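A short worksheet on the structure shown next.
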Amino acid sequence: MPKLPRTGQVLKKVTTEVSDPGRRRRRNARADHGEGEPSPSGGPPGDCYCFISVLPHPLFERDGQHLVCRIPITYAQAALGTTLEVPTLEGRGEVEIPPARNRARSLNGGKGMPDPRRRGLGDLLVQVFIEVPKKLSKEERTLLRELAELEHKHVAPERKSFFAKLKEYFTADEEEAKSTG
């Protein structure tokens, strides 16, 4: 074992258990008091700091004590609603996606991470997004063209108000150009 110069202390490898109740976020330090180097003046030993890094998970993102899982769905699932099988830390779960839902859904409380300041666990939030297919079959293309024609005939209320605002924006610019020109 190598000795430290001037002090004659011997370096040795030590294995110890570190308790971590799963409350770490990204990078935290935890001190084991009295487990560090001995004091050169004969006082008590110093503290040993253990640096903990939480690695990214392939399925979950952490938002405080909540976990977020982003799941792709089809346009039909988004419009009609669906029941999705989702991963949890304990295994599989299900979440109901109502028709025309575009916000995150919580999968029963207590499926997230512990918070060091409170009791209990956070939620597992399921965030859905519409995945647009890269390739369409001939039948899918035909059906989507029919749907597009229907959408032009029956404009949804939010799109109608958006287009009205857009028209007002552009006509205001045209009127301003006429009055200054």
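Everything quoted here is computed from the prediction, not taken from an experiment.
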Kindly compute the distance separating CD1 (I73) from CD1 (I130), expressed to the nearest 0.5 Å.
6.0 Å
Closest heavy-atom contact between C69 and P87?
SG-CG, 4.0 Å
For E146, which residues count as a salt bridge (charged side-chain N to carboxylate O under 4.0 Å, His left out) partner, sequence neighbours excluded?
none
More than 12 heavy atoms of other residues, nucleotides or ligands under 6.0 Å from CD of E90: yes or no?
yes
Applying side chain to side chain donor-acceptor pair (under 3.5 Å), can you list everything that pairs with E131, at least two apart in sequence or on another chain?
none
Distance check, rounded to the nearest 0.5 Å: T88 atom OG1 versus L59 atom CG?
10.5 Å
Mark yes or no for whether T82, through its side chain, and L84, through its backbone, hold a donor-acceptor pair below 3.5 Å.
no
So if you build clusters from Ile, Leu, Val, Met, Phe, Trp, Tyr with side-chain heavy-atom gaps below 4.5 Å, do F129 and I71 land together?
no
Looking only at heavy atoms, what is the nearest atom pair of L89 and M113, with distance?
CD1-SD, 3.9 Å
Measuring from atom CZ of R70 to atom CG of L125, what distance do you get when rounded to the nearest 0.5 angstrom?
12.5 Å
Can you measure from CG (L121) to NZ (K111) and round to the nearest 0.5 angstrom?
9.5 Å
Shortest non-hydrogen contact from G64 toward R62
O-NE, 2.9 Å
Sequence neighbours excluded, which residues qualify as side chain to side chain donor-acceptor pair (under 3.5 Å) partners of E140?
S137
Report whether L136 and Y75 are members of the same hydrophobic cluster (ILVMFWY, side-chain heavy atoms less than 4.5 Å apart, transitive linking).
yes
Rounded at 0.5 Å granularity, tell me how far CD in Q77 sits from OG1 in T74.
3.5 Å
